[in-house]
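Counting starts at 1 for both ligands and their atoms, in listed order.
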Amino acid sequence: MTAPLPLGATIGIVGGGQLGRMLAMAAARLGYRTIVLEPQADCPAAQVANRQIAAAYDDPAALDELAGASAVVTYEFENVPVVAAEHLSRSAPVHPPARALEVSQDRLSEKTFLNSIGISTAGFRPVENDQDLADALHAFGGSGILKTRRMGYDGKGQMVFRNMTTGGFDGTCASLGNVPLILESFVAFEREMSVIAARGIDGSVAVFDAAENVHKNGILHTSTVPAAIGPETAEAARDAARRILSALDYVGVIGIEFFVLPDGSLLANEMAPRVHNSGHWTEAACTVSQFEQHVRAVAGLPLGDANRHSDCVMENLVGDDIDRVPSLLAEPDVAVHLYGKAEARPGRKMGHFTRISPIRR
Ligand code: AMP
């Protein structure tokens, strides 16, 4: 067992968005320093970290500088180039492992991995051209969702097909930039949910309660805890999380999104090898937030208790929603968290708030 990171040690964070910001704040609470690697100046994370290295995520000199100055390196987004994670890991421990990035960066390898460890997903087929698309749609009865295999998030780079029994797909792949695609069968889910789980360096695992998620315009709108699911569904989600963490020999926090079918069974949609928007509720409704849990894991500290002390609803503040802050601040039982972004562009996550209430048994 590796010794825990000593007080005052530095944690390197690749990525400077709000997730990095909240990780840096959690690290500071536990007595650690942070350095953020992020090309954009005055990014949300750098506003609260001890230092920023302003360079591209794959700049070898910057990666060497980060690894040289950090006792451990982690990241806040899943599209960190795998070569960058491998480069870093030659001179510093990197958590979560590069393999987790590799698997989750490509929807095809992600679903193949999940199926290989016994976790069900929607049906899927790789699509390289319009003919593949026609064949795959035919196999799925004419309905499906076409997604880019890489770099898709918040519903970007996706096309929905319903009851397409004839052709007419010419030019579809070109319109998505001729990048590798995947067609997923259409899931008639009853609700969407996610679990946030953590695995420590010693292999211990802690799983937060499942959150029920509602999306608006492809962006997470609310996460409600508890989710309206039965105990078997909750246990199936915990079991899936444990399997994924152990198969990847994972260290850190992971977010896993699921579709809940009308019979209560689950299909995994995707996993993010990082802290996750649908886990922001933990900072208001648990003693140890997902951010602190991640810091504890990568620092080799004991994981915190993942039980919640309150029920809650977390809501994202997107674009002009930021104008709601004064009235939210006037409400009791509401914890507001803003990300320090100067400009409220449409679709931009500016902050979130969590409204807590006593646990209903
Ligand atoms: P994703 O980018 O994979 O997270 O997808 C964004 C949203 O699209 C999900 O949260 C679902 O609401 C919806 N969605 C994605 N994949 C499917 C699917 N195979 N069947 C039905 N809805 C889906």
Side-chain angles (χ1 to χ4, degrees), residues 17 19 77-79 100-101 103-115 119-127 132-133 136-164 172 176-177 179-196 210-225 227-229 233 237 240-241 244 254-281 314-316 318 347 349 352:
L19 300 179
F77 71 110
E78 64 273 38
N79 288 318
L101 288 172
V103 168
S104 59
Q105 281 175 2
D106 178 344
R107 292 182 192 274
L108 183 64
S109 48
E110 183 175 54
K111 287 192 164 57
T112 306
F113 163 74
L114 290 167
N115 290 176
I119 298 172
S120 303
T121 61
F124 61 95
R125 286 202 172 193
V127 170
D132 288 350
L133 173 60
L137 266 175
H138 183 72
F140 294 153
S143 298
I145 301 198
L146 186 64
K147 302 180 180 178
T148 54
R149 278 172 52 181
R150 292 180 166 273
M151 303 300 277
Y153 64 96
D154 287 348
K156 292 192 173 64
Q158 302 192 2
M159 272 172 108
V160 178
F161 296 88
R162 284 187 189 267
N163 306 316
M164 298 286 288
T172 308
L176 287 170
V179 291
L181 302 169
I182 184 171
L183 185 79
E184 297 179 15
S185 62
F186 197 82
V187 179
F189 56 80
E190 195 169 70
R191 58 190 87 246
E192 293 186 83
M193 60 167 253
S194 58
V195 286
I196 309 299
E212 183 164 337
N213 301 322
V214 173
H215 296 87
K216 221 166 144 181
N217 304 322
I219 299 175
L220 182 66
H221 175 49
T222 55
S223 292
T224 301
V225 188
I229 53 170
T233 305
I244 293 169
I254 194 169
I256 309 155
E257 295 181 69
F258 298 92
F259 300 127
V260 186
L261 303 185
D263 67 359
S265 60
L266 290 176
L267 296 179
N269 179 30
E270 58 185 5
M271 56 191 222
R274 53 169 170 78
V275 287
H276 195 260
N277 194 169
S278 69
H280 291 359
W281 64 272
M314 186 286 310
E315 187 172 332
N316 272 333
V318 178
K349 290 175 183 166
H352 65 269

query = Where's the contact between Asn213 and ligand 1, heavy-atom distance under 4.0 Å: side chain, backbone, both or neither?
reply = neither
query = Which of the numbered atoms in ligand 1 are below 4.0 angstrom from a heavy atom of Gln158?
reply = 1 (P), 2 (O), 3 (O), 5 (O)
Side chain Ser143, main chain Asn163, donor-acceptor under 3.5 Å = yes
key: N/O separation below 3.5 Å, Glu270 to ligand 1   = yes
request  = Please could you name the atoms of ligand 1 that His215 approaches to less than 4.0 Å, counting only its heavy atoms?
outcome  = 10 (O)
request  = Hey, could you give me each pair passing salt bridge (charged side-chain N to carboxylate O under 4.0 Å, His left out) that has a residue in residues 136-148? Not counting sequence neighbours.
outcome  = Lys147-Glu184
ask   = Quick one: salt bridge (Lys or Arg N to Asp or Glu O under 4.0 Å) partners of Arg191, sequence neighbours excluded?
value = Glu212
query = What atoms of ligand 1 come within less than 4.0 Å of a heavy atom belonging to Phe189?
reply = 12 (O), 21 (C), 22 (N)
ask   = Mind checking whether Thr121 and Glu110 have side chains closer than 4.5 Å, heavy atoms only?
value = no
message = Under 4.0 Å from a heavy atom of Lys147: which atoms of ligand 1 are those, numbered in the order shown and with their elements?
response = 1 (P), 3 (O), 5 (O), 15 (C), 16 (N)
key: Test item: Met151 and Asn79 side chains (from C-beta on) under 4.5 Å apart, heavy atoms   = yes
request  = Kindly assign one of parallel, tilted or perpendicular to the pair His280 and His352, based on the angle between their ring planes and the thresholds 30° and 60°.
outcome  = tilted
message = As a check for students: among Glu184, Glu257, Glu192, Glu110, identify the option with a heavy atom nearest to atom 11 (C) of ligand 1.
response = Glu192
request  = With heavy atoms of Asn269 as the reference, note each atom of ligand 1 found under 4.0 Å away.
outcome  = 1 (P), 3 (O), 4 (O)
inquiry  = Keeping Glu192 on the side-chain end and Val214 on the backbone end, is there a donor-acceptor pair under 3.5 Å?
reply    = no
request  = Answer yes or no for Ser185: is there a heavy-atom contact with ligand 1 below 4.0 Å?
outcome  = yes
ask   = To which of Thr148, Ile145, Val187, Thr121 does the heavy atom nearest atom 14 (N) of ligand 1 belong?
value = Ile145
